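Just so you know, these numbers come straight off a predicted model, no measurement behind them.
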Amino acid sequence: MTAQTDTTGPVTTVYKVTGMSCGHCEGSVSGEISQIPGVSSVKAVASTGEVTVVSEAPLDEEAVRAAVDEAGFELAGQA
């Protein structure tokens with residue numbers, strides 16, 4: 001079996017976001033990140049601070065950081 005280097009198909013990335021405390025926070029973060037081109041789904045969980053993003057290709061972390069900042073929170077990096 002060989003390692004697959006083809007990056008076709010969805011990419012799932014989990015980010016850590018600080019400051020989320022409720023469902024409204026989750027919605028704000030999800031709404032901003034979902035506007036990044038190529039993002040197909042976003043699931044934010046306030047209790048863990050984790051945001052799972054499924055996209056067509058790996059995302060530019062600065063684009064994700066800007067979206068999280070726009071929502072009023074801080075991206076701590078990938079989980």
**Complete:** Of all heavy-atom pairs linking Glu50 and Ala79, the shortest is OE2-CB, 4.1 Å
**Message:** My understanding is that a hydrophobic cluster links ILVMFWY residues whose side chain heavy atoms are under 4.5 Å apart, including indirect links. Using that, what else belongs to the cluster containing Val64?
**Reply:** Tyr15, Val17, Met20, Val29, Ile33, Ile36, Val39, Val42, Val51, Val53, Leu59, Val68, Phe73, Leu75
**Message:** Please determine whether the number of non-hydrogen atoms from other residues, nucleotides or ligands lying under 6.0 Å from atom NZ of Lys16 exceeds 12.
**Reply:** yes
**Asked** Between NZ of Lys43 and OG of Ser30, what distance do you get to the nearest 0.5 Å?
**Response** 8.0 Å
**Request:** For Cys25 and Gly19, work out which heavy atoms get closest and say how close.
**Result:** SG-O, 4.4 Å
**Message:** Using a 3.5 Å distance criterion without hydrogens, assess whether the side chain of Glu26 forms a donor-acceptor pair with backbone atoms of Ala46.
**Reply:** yes
**Prompt:** Is the backbone of Gly38 close enough, under 3.5 Å, to the side chain of Ser55 for a donor and an acceptor to pair up by distance?
**Reply:** no
**Asked** Is there side-chain contact between Gln78 and Thr13, with heavy atoms separated by less than 4.5 Å?
**Response** yes
